[in-house]
Amino acid sequence: MARTAPPAVPPPPGPPARGSLGLHRAYLRSPLGLLRLGQLALGAAFWVTVAAHKYEGAAHFALFAAVLVWLLTLALFGLSLLGRWALVPWLGSRWLLTNLVHDLALGVGLYAAATGIMGYKAGRKSYCNLPGYSQHCLYGAYLSASVCGGIAACLYLFSGLYCLSRRCRDQRDII
């Protein structure tokens, strides 16, 4: 069996190596990182509570709004935690402004609407909270979703104000 000679031309180089993926611990300890963790926990509690029970009518919008904001918050948190926001086209160079708009427009706006919807629905079901009522009662689920949504909206307001204060002090980074 004949041996072949090694190639005269070396193989093409691979893609340039990026820095290793590591956690951006300073972000995790910052006020914005802690607020994001609270937003993710309360947002998940909101939509899991609504999705686990029978819902109809406007609760569909409340569930849609909560899941949309939760997924966007998860994406912002993940990119910020890994320090990879520069990979996002156009928004990466405006990361503080992106977080600000997300918190104040989407977070506060949609969670306030979802909280109002669930609070209204809880008020409509308050009769079933009486002792001796034998039917399945959604009052507790709607009320707990409303409370979780209200606290989440407040957390989004606080993180939006934090980003706004950093922006007003001419700081461009989220930490």
Side-chain angles (χ1 to χ4, degrees), residues 23-24 27-28 30-85 87-92 94-164 166-167 174:
L23 296 181
H24 197 46
Y27 171 74
L28 201 52
S30 72
L32 188 59
L34 295 174
L35 285 168
R36 287 277 183 256
L37 286 173
Q39 291 163 357
L40 288 170
L42 286 167
F46 181 96
W47 67 262
V48 166
T49 301
V50 174
H53 295 84
K54 181 183 170 195
Y55 59 94
E56 73 280 340
H60 287 95
F61 172 76
L63 184 62
F64 167 76
V67 170
L68 174 70
V69 173
W70 188 82
L71 287 173
L72 290 173
T73 303
L74 185 64
L76 287 177
F77 179 74
L79 288 170
S80 298
L81 184 61
L82 295 174
R84 298 295 182 178
W85 58 81
L87 298 177
V88 181
W90 193 77
L91 297 177
R94 299 166 181 85
W95 197 242
L96 183 63
L97 183 63
T98 301
N99 279 271
L100 174 66
V101 169
H102 168 267
D103 291 341
L104 293 181
L106 290 176
V108 173
L110 289 178
Y111 265 112
T115 298
I117 289 169
M118 298 313 291
Y120 176 76
K121 291 182 90 45
R124 303 264 307 171
K125 299 284 185 182
S126 63
Y127 63 87
C128 71
N129 200 26
L130 299 172
Y133 189 78
S134 62
Q135 301 297 321
H136 181 67
C137 181
L138 294 174
Y139 174 75
Y142 288 163
L143 183 63
S144 61
S146 180
V147 168
C148 287
I151 296 171
C154 289
L155 290 179
Y156 279 104
L157 179 64
F158 294 150
S159 63
L161 292 175
Y162 173 77
C163 290
L164 185 63
R166 291 189 64 81
R167 179 106 173 136
I174 55 174

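Not measured: the values here are computed from a predicted model. Along the sequence shown, the residues carry numbers beginning at 1.
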Side chains of residues 101-110: which donor-acceptor pairs under 3.5 Å do they make with residues two or more places apart or in other chains?
unit_1	atom_1	unit_2	atom_2	d
H102	NE2	T73	OG1	3.2
D103	OD1	R36	NH1	2.7
D103	OD1	R36	NH2	3.1
D103	OD2	R36	NH2	3.3
D103	OD2	S159	OG	2.9

CZ of R124: more than 12 outside heavy atoms within 6.0 angstrom?
no
Are more than 12 heavy atoms from other residues, nucleotides or ligands located less than 6.0 Å from atom OH of Y120?
no
Rounded to the nearest 0.5 Å, what separation is found between the [atom1] atom of [X] and the [atom2] atom of [Y]?
| X | Y | atom1 | atom2 | answer |
| --- | --- | --- | --- | --- |
| Y162 | L35 | OH | CG | 9.0 Å |
| R94 | R167 | CZ | CZ | 9.5 Å |
| C163 | F158 | SG | CZ | 14.0 Å |
| Y27 | L34 | OH | CG | 9.0 Å |

Residues in side chain to side chain donor-acceptor pair (under 3.5 Å) with W95, at least two apart?
S80
Do you know which of L164, L91, I174 makes side-chain contact (heavy atoms from CB on, under 4.5 Å) with N99?
I174
Quick one: closest heavy-atom pair of [X] and [Y], and the distance?
| X | Y | value |
| --- | --- | --- |
| L155 | G38 | CD1-C, 3.7 Å |
| A59 | I117 | N-CG2, 4.1 Å |
| A62 | M118 | CB-SD, 4.0 Å |
| A66 | F46 | CB-CD2, 3.2 Å |
| Q39 | W70 | O-CD1, 4.4 Å |
| L28 | L37 | CD1-CD1, 4.2 Å |

Within a strict 4.5 Å, meaning less than it, do heavy atoms of the Y55 and L138 side chains meet?
no
Quick one: does L96's side chain get under 4.5 Å of L100's, heavy atoms only?
no
Given 3.5 Å as the limit, does a donor-acceptor pair link the side chain of T49 with the main chain of A145, or not?
no
Whether H53 side chain and V50 backbone form a donor-acceptor pair below 3.5 Å:
no
In terms of ring plane angle, is the pair F64 and F61 parallel, tilted or perpendicular, where the classes change at 30° and 60°?
tilted
Y111/L42 under side-chain contact (heavy atoms from CB on, under 4.5 Å): CA gap, chis, key distance, verdict:
CA-CA 11 Å; Y111 265 112; L42 286 167; over 6 Å; no
